[in-house]
Amino acid sequence: MRDGRQPGFDEVAVRRALAGRRVLITGHTGFKGGWLALWLRRLGAEVVGVALPPPVGPSLAGAIAIDRQVDSRIGDIRSRDSFAAALAGYDAELVFHMAAQALVRHSIADPVDTFATNVVGTATVLEAARHMPSLKAVVVVTSDKCYDNKEWDWGYRETDPMGGSDPYSASKGCTELVAASYRKTFFAHPGGPQLATVRAGNVIGGGDWSADRLVPDIVRAALKGVPVTIRNPASVRPWQHVLDALAGYLTVASRLVGGEAGEAWNFGPDTAGVADVATLAGAVADAWGPGGPRFVFGANGDQREAKLLSLDSSKARARLGWAPTLDRAATIRFTIDWYRAWAAGQADMTAFTNAQIAAFVATGDQHDYELSAGKLKQCA
C-alpha cells in the first residue's frame, strides 16, 4: 500500500536520473532482461543489448520482438573477443549485467559452462565496462542463492557470507566476489563510476519459459492439458514478480549515476511472499480457473537444492525507499494474465507487456490493482 508513509517505487525520480542515458544490458534476450529493456525504453533511455540468441520456441524476446525495441546485438560473454565484437566500441553510461546461466538443474548437468558464464563472463563484462570513457555505473545482477545457505528461518542480509553447495549457487557467490574485487580495485574513487550488486528472490512473471522452473512448467502443462509433476513441494522460497525486482535494480541504478549506493543490495518479497512450492502452485491453479493445471506432487528428494531460503531487504527499505508493490495474489494475477493473453493469441504482446509495467507503476494496493487490471484488459 502506498499512502505517502511507506516506501514504493518512485518512477519520476528514476526517469529523471536515467532518461537519455546510454544503457547496456547483457542478457536482454532473457526473461528479466526483456522486461528491463522495455522499462528502460519507457524511462527514455537509449538501450543496447548484448546476449546470446533467444532460445528456439516461446520466449519473451520473441513475444515482444526485442530486436525492434532495442539495438540488439549477439555476443557471448564467455569469450572476450565475441563480447568485444558485439560491443563494437559502444560507450555506455550505465551497464546492467544480467546475462547468466540461471538454472540450478542445468548447473548440475554442466557445471563448467555455469562457472564459465557466471564467473568468467562477469569478469569479461566488468573488464570491458571499466574501459568505457563515459561509464557512470554498473549493476551486476546475481541471486538470493549467492549466500552460504544454512537453512535458517530468518532472511539473509547483505553482510552474510557468500557460499553455495550446488554449482549454480556457488557460481553466484563467486560472481559476487568478482564484482566486489572490481568494486574495490577499479570502482572505488568517489568521483568515478560506481558498482553495485543486486540480489532478488524467486522471480516470476509473464514470458518466462525456462525449463525446470515452477511457473513455466505449470503453464506448459496447463496449455497441453496434461498433469505436471511438482518437484520438492515442501521447499520454501521468496516469490516475487519480476517488476518488483526490476524496480529495485532501477532504483539502485538511479542512485549509482549520482555517485552513491555502490554496494550489495537485497530485493526480496514481504514475509507473505515467502511460501512453499505446493502453496504457490495451488495459488497459480486458483488464478488460472477452470481448465487450469493439474498436479502430481513428488517427494522432496533432491538434496542438492536448498529447502529453505529468504532475504532480508530492510536495508533497501531504509536507505532506498524501496518496498514490494505487488502482494502474492497480485503477483500471480499479473503473471497468469500475461500467459493467458499470449495463449489466446493476443496480437500485440509488446503493448500488453508495456501495459503491465504501467499498471505496476500505478498500483498501490489491491483496489488499485483491480483498477489497473481493468485498464490492462481494455488495452489488451
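R22 CZ: more than 12 foreign heavy atoms inside a 6.0 Å radius.
Using a 4.0 Å cut-off between charged nitrogen and carboxylate oxygen, R237 and D144 do not count as a salt-bridge pair.
Across all non-hydrogen atoms, the minimal contact from V50 to H28 is N-ND1, 3.3 Å. The heavy-atom pair separating I64 from T350 by the smallest distance is O-OG1, 3.0 Å. Across all non-hydrogen atoms, the minimal contact from G34 to I66 is CA-CD1, 4.3 Å. Smallest separation of non-hydrogen atoms from A343 and L223: CB-CD2, 3.6 Å. Residues V215 and Y339 share a closest heavy-atom pair of CG1-CE1, 4.0 Å.
Side-chain atoms of H106 and T114 form no donor-acceptor pair, as typed in the model, at a separation below 3.5 Å. Remark: the E11 side chain and the W39 side chain contain an N/O donor-acceptor pair separated by less than 3.5 Å. Residues D76 and S79 have side chains that never bring a donor and an acceptor to within less than 3.5 angstrom of each other.
Annotation: cation-pi geometry not satisfied between R199 and Y156 (NZ/CZ under 6.0 angstrom from ring centroid, within 45° of ring axis).
Put simply, the side chain of S169 never gets that close to the backbone of S165: no donor and acceptor are under 3.5 Å apart. Here the side chain of R73 pairs a donor or acceptor atom with the backbone of A86 at under 3.5 angstrom. Using a distance-only test at 3.5 Å, with no hydrogens or angles considered, a donor-acceptor pair links the side chain of T185 to the main chain of S181. Counting only distance, with no hydrogens or angles, the side chain of R213 and the backbone of W209 share no donor-acceptor pair below 3.5 Å.
Checked against R105 for a salt bridge (charged side-chain N to carboxylate O under 4.0 Å, His left out), the options D217, D212, D110 give a single hit: D212.
Partners of F295 according to the ring pair (Phe, Tyr, Trp, His ring centres under 6.0 Å) rule, which considers only residues two or more places apart in sequence or in another chain, are F297. Residues satisfying the ring pair (Phe, Tyr, Trp, His ring centres under 6.0 Å) criterion with W288, sequence neighbours excluded, are absent altogether. With sequence neighbours excluded, the residues forming a side chain to side chain contact (heavy atoms under 4.5 Å, CB included) with D270 are R317, P324, listed by chain and number. Shown here are the side-chain hydrogen bond (donor to acceptor under 3.5 Å, both in side chains) partners of E46, two or more places apart in sequence or in another chain: there are none.
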Exercise. Give the C-alpha distance, both sets of side-chain angles, the deciding distance and a yes or no for side-chain hydrogen bond (donor to acceptor under 3.5 Å, both in side chains) between D91 and S134.
Key: CA-CA 6 Å; D91 180 23; S134 301; 2.6 Å; yes
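Residue pairs satisfying the side chain to side chain donor-acceptor pair (under 3.5 Å) criterion with at least one member in residues 240-249, sequence neighbours excluded, are listed as follows: K32-Y249.
F9 and W322 have their aromatic ring centers separated by at least 6.0 angstrom. Under the 6.0 Å cut-off for aromatic ring centres, F360 and W35 do not qualify, their centroids lying 6.0 Å or more apart.
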Please tabulate, for side-chain N and O atoms in residues 119-128, each donor-acceptor pair with protein atoms closer than 3.5 Å (sequence neighbours left out).
| residue | atom | partner | partner atom | Å |
| --- | --- | --- | --- | --- |
| T122 | OG1 | H97 | NE2 | 3.1 |
| T122 | OG1 | N118 | O | 2.7 |
| T124 | OG1 | I77 | O | 3.3 |
| T124 | OG1 | V120 | O | 3.1 |
| E127 | OE1 | R130 | NE | 2.9 |
| E127 | OE1 | Y182 | OH | 2.7 |
| E127 | OE2 | R130 | NE | 3.4 |
| E127 | OE2 | R130 | NH2 | 3.0 |
| E127 | OE2 | H131 | NE2 | 3.3 |

